[in-house]
2 protein chains.
Amino acid sequence: MAGRRSVAVALDTRRRILSVAADMASVEGLEGLTVGRLATALEMSKAGVIGHFGSKLELQLATLDHAAEVFRTEVWSPAAPQQEGLPRLVAICGAWMEYAGRPAFPGGCFLAAASFEFDSRPGPVRDALITYLRRWHGTLVREISVAVSAGDLPETTNAERLASALEAVAARVTPTRELYGDPHAAAHAEELMLAMLGRQGLGDVPVLVP
Amino acid sequence: MAGRRSVAVALDTRRRILSVAADMASVEGLEGLTVGRLATALEMSKAGVIGHFGSKLELQLATLDHAAEVFRTEVWSPAAPQQEGLPRLVAICGAWMEYAGRPAFPGGCFLAAASFEFDSRPGPVRDALITYLRRWHGTLVREISVAVSAGDLPETTNAERLASALEAVAARVTPTRELYGDPHAAAHAEELMLAMLGRQGLGDVPVLVP
DNA sequence: CCTACCGATCGGTAGG
DNA sequence: CCTACCGATCGGTAGG
């Protein structure tokens, strides 16, 4: 009984640590995160924090995993009930931009920021990040392919490149909002993403109209 | 004479420091840069390095300034001789993607990475970054506006949003190349940017064709 | 999960 | 531009 409670409490503490770690890392990066400041924010000792993970590297990997889970919960889960293909893609764009515009972490979309932090920095964190990003990319490509098969997107659609274009627009939301002071960054991004999924001429694409 | 030579030598050393600092910061971020490792890379003492700037903050600001100057030299200068408006915009996209695809810094486009590093991190570095980014954004908006006046872009064009869309696609080049292992990231981005500047229907936009 | 500690490195300074 | 040094903080460990 006491043993069980200990395990449950420890898991709870672990989740609490990861939540605060993700918040801090979204602002100062996974590499800028330090055990000492994390412990202070949690009102714990450094040893108490690091004991849950073994090393800072394992803490970074667990934090990244936590952030990926939040992304999945907030972006994929609301869209999953929709019919696959274009309807689900439209729902994904809505949930994605709601997530990016809220935002879930004080530093904005965690995976987008991590993409730039680790694009030239080798190591296990980057390797894990690549796995998460490729999985999401694959999901987008798959949904686009279904939409093409269903006749909801042109047969000439290049699913890889359309997915990459959607990711580019989505990633830019936080910098646009924070550095340019544009409160409508997420809404504008969503409009552009939806237009990319439509068949309108560029004259109808929100990039071009006020 | 000796005095003059000293000043010239010191300025030369300062440039050498900034060049190496920008290379290092493009990989590990301006915040991850440390005076000690920079000194080691330069085969200098820490005091010798920091003496040129006074503090790490001043070193960061000077490094950012250096990177912005490189961007201007490599992206703006080749395009400036072109006629303003659409011709110059097309030249900018070409130079920009050549710069992003080469790349000038081992860690990829410096300003794009810095945008994500400092979008939620207040301070003088962020303030300076905002100045550089807004200047470039203003340049793009101005060229787009000229293109609209000349009839080369639709009158309904929203210059602000088109500029932001171009920036989003450009920024994503390094992560796409490095994390997805796509060697054509810069070329594909350029095609998409040129399509955004064209009047084709989306069916002709490279996102949609193989 | 804590205290107490380790060697290494941090940004920065004194003095030359 | 160097050596030699400062206090603070880094990631991590021993022992409980």
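Note on naming: letters A, B, ... go to the chains in the order of the sequence lines (proteins, then strands), and numbering restarts at 1 for each one. These values consider heavy atoms only, across backbone and side chains, with no hydrogens, waters or symmetry-generated copies. What you are looking at is a predicted structure, and each value in this text was computed from that prediction instead of being measured.
With DNA chain D read from its 5' end, the first of the two nearest nucleotides for R14(B) and L57(A) is the one closest to R14(B).
Counting to the nearest Å, the P atom of dC1(D) and the CD1 atom of I17(B) are 7 Å from each other. Atom P of nucleotide dG12(C) and atom CG of L59(B) are separated by 9 Å, given to the nearest angstrom. We find that CD of E31(A) is positioned 15 Å from C1' of dT9(C), with the value rounded to whole Å. One interatomic measurement links the two molecules: CD of E43(A) to P of dC1(C), which rounds to 14 Å at whole-angstrom precision. Rounded to whole Å, the distance from CG on L38(A) to C1' on dG12(D) is 15 Å. Rounded to whole Å, the distance from NE2 on H52(A) to P on dG12(D) is 16 Å. Distance CG (L61(A)) to C1' (dG11(D)): 15 Å, rounded to an integer number of Å. Atom CD1 of I50(B) is separated from atom C1' of dC2(D) by 15 Å (rounded to the nearest Å).
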How does DNA chain D read in dot-bracket, base by base from 5' to 3', with Watson-Crick or G-U pairs under 3.5 Å and | used when the partner is on another strand? ||||||||||||||||
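Side chain K46(B) to base dG12(C): a donor-acceptor pair is found below 3.5 Å.
A distance of 4.5 Å separates CZ in R161(B) from CD in E191(A), rounded to the nearest 0.5 Å. The distance from atom CG of L64(B) to atom OH of Y132(B), rounded to the nearest 0.5 Å, is 5.5 Å. Taking CG of L162(A) as the reference point, atom CG of L140(A) lies at 8.5 Å (rounded to 0.5 Å).
Residue S45(B) has its side chain nearest to dC2(D) when only dC2(D), dC2(C), dG12(C) are considered. The nucleotide whose nearest atom lies closest to any side-chain atom of V9(B) is, among dC2(D), dC10(C), dC1(D), dC1(D). In this structure, the nucleotide among dC10(D), dC1(D), dG11(C) sitting nearest to the side chain of M44(B) is dC1(D). When the nucleotides dG11(D), dG12(C), dT13(D) are ranked by their closest atom to the side chain of K56(A), dG11(D) comes out on top. With dG11(C), dT3(C), dT13(C) as the choices, the nucleotide that has an atom nearest any side-chain atom of V35(B) turns out to be dG11(C). The R37(A) side chain lies nearest to dC10(D) when the options are dC2(C), dC10(D), dA14(C).
An OP1 or OP2 oxygen of dC1(C) is reached within less than 4.0 angstrom by a side-chain nitrogen or oxygen of T13(A).
Side-chain contact annotation: E160(A) with H137(A), donor-acceptor N/O pair under 3.5 Å present.
At the heavy-atom level, T34(A) lies under 4.0 Å from the strands shown only through sugar-phosphate atoms. Using a 4.0 Å heavy-atom criterion, one finds that G36(A) contacts the sugar-phosphate atoms exclusively. The residue L33(A) sits close only to the backbone: its heavy atoms come under 4.0 Å of sugar-phosphate atoms, none of a base.
E28(B) and R121(A) are not joined by a salt bridge, as no carboxylate oxygen comes within less than 4.0 angstrom of a charged side-chain nitrogen. Salt bridge R142(B)/E84(B): absent, no basic N to carboxylate O contact under 4.0 Å.
Closest heavy-atom contact between F53(A) and A62(A): CE2-CB, 3.8 Å.
Using bins of under 30°, 30° to 60° and over 60° for the plane-to-plane angle, the ring pair W76(A)/W136(A) lands in the perpendicular bin.
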